[in-house]
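Heavy-atom basis, side chains included; hydrogens, waters and symmetry copies ignored.
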Amino acid sequence: MKVRIHPAFWEEEARSIRIPPSKSMAHRAILCASLAKGKSVVRNIAYSDDILATIAGMRQLGASIETLEDSVIVEGIADHYQAESMTVDCNESGSTLRFFIPVFTLSGKPMTFVGRNRLLKRPQGVYESLYRERGLRFTQTSDAITVEGGLTAGRYEIDGNISSQFISGLLFALPLLDGDSTIVIRPPFESRSYIELTLEALAQFGVHASFADDHTLLVPGNQEYHPCDYTVEGDFSQMAFFAVLGAVHGDLTCTGMRLDSQQGDKAILDILKQAQARIIPLPDGYTIIKSPLRGTEIDLSNCPDLGPILTVLAMYAQGETRIMNAGRLRYKESDRIAAMEEELRKFGVEIRTTEDEIVIFGKESYRCTEEIFGHKDHRIVMSMAVAAVCSGQPATIQGAECIQKSYPNFFEDLQSLGIPVEVLES
């Protein structure tokens with residue numbers, strides 16, 4: 001799909017947007033509900049491609065999931081240990097794949113996981129090492145991952161500077177085993193906030209695990225998931241696109257948020273404040289005030305998903321912005337460092353990058369004269385759409401359909417703010 005973003009201005013009129021539900025928490029809630037014997041209701045769901053992949057997979061495992069307009073009714077799996085061999089399509093969802101692998105192999109049967117785009121090219125070595133250390137089968141090709149043999153209770157050691165999704169995957173499965181387990185996280189421990197989200201979701205469904213110290217998780221065995229009524233909170237990673245839009249382009253209120261959220265991407269608020277943006281908290285969200293922005297230093301260790309939109313913030317912040325510990329961006333749906341560098345240069349942005357760092361020298365105005373490419377990456381498309389709006393010039397984005405992965409209504413939400421979005425090719 002090709003879209004053209006047209007200029008829009010709202011100097012005199014405040015705008016407001018309701019932020020969609022957290023994809024991270026929706027994955028976790030649907031998985032927990034599916035493992036609980038009995039009926040759960042998970043409310044405030046947005047049906048992105050990633051969430052649909054998790055729903056489809058849990059149905060394959062045996063859960064009954066009824067999808068309503070913005071909620072799901074889940075009748076959990078009677079006995080996950082009885083699952084038969086199957087092939088599970090995770091589409092492009094890293095969370096789905098990494099959460100599923102330990103859970104689906106509880107039965108000990110061969111399970112094959114397939115996906116699209118770069119999913120199976122993203123690093124999976126953590127599970128490969130863990131499975132092979134225990135004499136279990138783990139085979140990965142460019143087309144599929146096949147795993148056979150159930151994990152057993154015990155001690156697990158994982159590097160803390162890889163994706164937290166591996167740790168969360170273990171946390172979903174280990175409580176169901178006979179015997180207690182320990183997960184030791186070797187420092188540096190990045191993205192701890194995502195582990196806290198997993199622990200929070202587990203607790204809501206009656207399963208308990210906890211930190212014994214900063215790098216050790218204790219996971220009691222012989223537990224059961226219990227059904228519950230769960231409401232998914234607003235997504236700070238999606239709010240970040242509108243927060244940057246507000247800080248650069250015009251005052252914008254973002255609603256539907258939990259002010260006490262544990263989401264790591266809530267860091268967008270502190271980063272904006274570092275850049276001299278003014279933020280007003282509200283009972284269910286924040287108003288972001290258009291502000292003279294200054295360059296700053298940003299550490300992406302605990303919020304890698306913010307990387308692309310923070311490069312847009314940096315291009316409009318006067319002076320130098322240094323984004324550090326960004327190396328994991330190279331292993332997402334695209335190489336996000338290379339992708340953003342390529343597309344921002346089309347605006348005339350002064351940017352330089354290394355394997356792990358991005359430096360941008362910001363200024364007040366830009367003009368893009370070339371077509372923007374989305375790199376098959378939802379966060380690249382949404383970030384470049386914000387960059388286009390802030391430039392005050394029309395801009396065309398090719399490959400915009402990949403927003404379906406996480407935020408299908410993104411362009412409709414832009415239009416609700418008075419920003420014209422023209423579909424040139426469907």
Within the 4.5 Å heavy-atom criterion, are [X] and [Y] side-chain neighbours or not?
| X | Y | answer |
| --- | --- | --- |
| L119 | C90 | yes |
| H208 | L202 | no |
| L282 | T287 | yes |
| K39 | V74 | no |
| L217 | Y156 | no |
| L199 | Q204 | no |
| T182 | L218 | yes |
| I268 | Y286 | no |

Which residues pass the salt bridge (charged side-chain N to carboxylate O under 4.0 Å, His left out) test with E224, sequence neighbours left out? none
With sequence neighbours left out, write down each residue that passes salt bridge (charged side-chain N to carboxylate O under 4.0 Å, His left out) with D356, or none if nothing qualifies. none
Side chains of [Y] and [X]: any donor to acceptor distance under 3.5 Å?
| X | Y | value |
| --- | --- | --- |
| E92 | N117 | yes |
| D70 | Y47 | no |
| S48 | S406 | no |
| T296 | Q274 | yes |
| S168 | T198 | yes |
| Y194 | S163 | no |

Between [X] and [Y], which heavy-atom pair has the shortest distance, and what is it?
| X | Y | result |
| --- | --- | --- |
| I45 | A26 | CD1-CB, 3.9 Å |
| Q415 | V421 | NE2-O, 3.1 Å |
| A33 | V42 | CB-CG2, 4.2 Å |
| I380 | S334 | CG1-OG, 3.9 Å |
| R322 | V359 | NH1-CG2, 3.6 Å |

Just by distance, do the side chain of [X] and the backbone of [Y] share a donor-acceptor pair under 3.5 Å?
| X | Y | answer |
| --- | --- | --- |
| R336 | K332 | no |
| E350 | K363 | no |
| T216 | D213 | no |
| R294 | Q276 | no |
| S291 | R278 | yes |
| E401 | M1 | yes |
| S64 | E75 | no |
| N44 | P21 | no |
| D89 | N91 | yes |
| Q263 | S24 | no |

Pairs flagged by salt bridge (Lys or Arg N to Asp or Glu O under 4.0 Å) wherever residues 379-391 is involved - sequence neighbours left out: D305-R379
Hey, could you give me each pair passing salt bridge (Lys or Arg N to Asp or Glu O under 4.0 Å) that has a residue in residues 228-252? Not counting sequence neighbours.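 Qualifying pairs, neighbours excluded: R43-D229, E233-R258.
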Report the relative orientation of the aromatic rings in F410 and F242; use parallel for angles under 30°, tilted for 30 to 60°, perpendicular for over 60°.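 Because their plane-to-plane angle lies in the 30° to 60° range, the rings of F410 and F242 count as tilted.
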side-chain contact (heavy atoms from CB on, under 4.5 Å) partners of E371, counting only residues at least two apart: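 So E371 forms a side-chain contact (heavy atoms from CB on, under 4.5 Å) with K2, T396, Q398.
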Taking only residues two or more places apart in sequence, or in another chain, which ones meet H6 in a side-chain contact (heavy atoms from CB on, under 4.5 Å)? R4, P394, P420, E422
In Å and rounded to the nearest 0.5 Å, what is the [atom1] to [atom2] distance from [X] to [Y]?
| X | Y | atom1 | atom2 | answer |
| --- | --- | --- | --- | --- |
| E357 | L300 | CD | CG | 10.5 Å |
| Q165 | L97 | CD | CG | 8.5 Å |
| L245 | C254 | CG | SG | 8.5 Å |
| I19 | F236 | CD1 | CZ | 9.5 Å |
| S383 | I309 | OG | CD1 | 4.0 Å |
| Q223 | F205 | CD | CZ | 14.5 Å |

K405 with D49: basic N within carboxylate O range, under 4.0 Å: no
Using the test ring-ring contact (aromatic ring centres under 6.0 Å, His included), find all partners of [X] that sit at least two apart in sequence or belong to another chain.
| X | value |
| --- | --- |
| F347 | none |
| Y225 | none |
| H375 | F373 |

Determine whether the aromatic ring centres of F104 and H80 lie less than 6.0 Å apart.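 No, too far apart.
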Taking the six-membered ring for Trp, are F113 and F100 closer than 6.0 Å centroid to centroid? no
Report, one line per pair, each donor and acceptor closer than 3.5 Å where one atom sits in a side chain of residues 183-193; sequence neighbours left out.
residue : atom : partner : partner atom : Å
R186    : NE   : D159    : OD1          : 2.6
R186    : NH1  : E157    : OE1          : 2.9
R186    : NH2  : D159    : OD1          : 3.2
E190    : OE1  : R328    : NH1          : 3.2
S191    : OG   : S301    : O            : 3.4
S191    : OG   : R328    : NH1          : 3.3
S191    : OG   : R328    : NH2          : 3.2
R192    : NE   : E196    : OE2          : 3.1
R192    : NH1  : D214    : O            : 3.4
R192    : NH2  : E196    : OE2          : 3.2
S193    : OG   : G264    : N            : 3.3

Is it the case that more than 12 heavy atoms not belonging to E412 sit under 6.0 Å from its CD atom?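 Yes - once you tally the heavy atoms of other residues, nucleotides and ligands closer than 6.0 Å, there are more than 12.
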Determine whether more than 12 heavy atoms belonging to other residues, nucleotides or ligands lie under 6.0 Å from atom CZ of R59.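 For R59, atom CZ is crowded (more than 12 foreign heavy atoms under 6.0 Å).
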With E333 as reference, evaluate R116, R122, R118, K376 under the salt bridge (charged side-chain N to carboxylate O under 4.0 Å, His left out) test and give the passing residue.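 Only one option passes, and that is R122.
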Enumerate the ring-ring contact (aromatic ring centres under 6.0 Å, His included) contacts for residues 303-325, please, sequence neighbours excluded, ordered by first and then second residue. Y316-Y366
What ring-ring contact (aromatic ring centres under 6.0 Å, His included) pairs are there with at least one residue in residues 318-339, not counting sequence neighbours?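 Listed by first then second residue: nothing to list.
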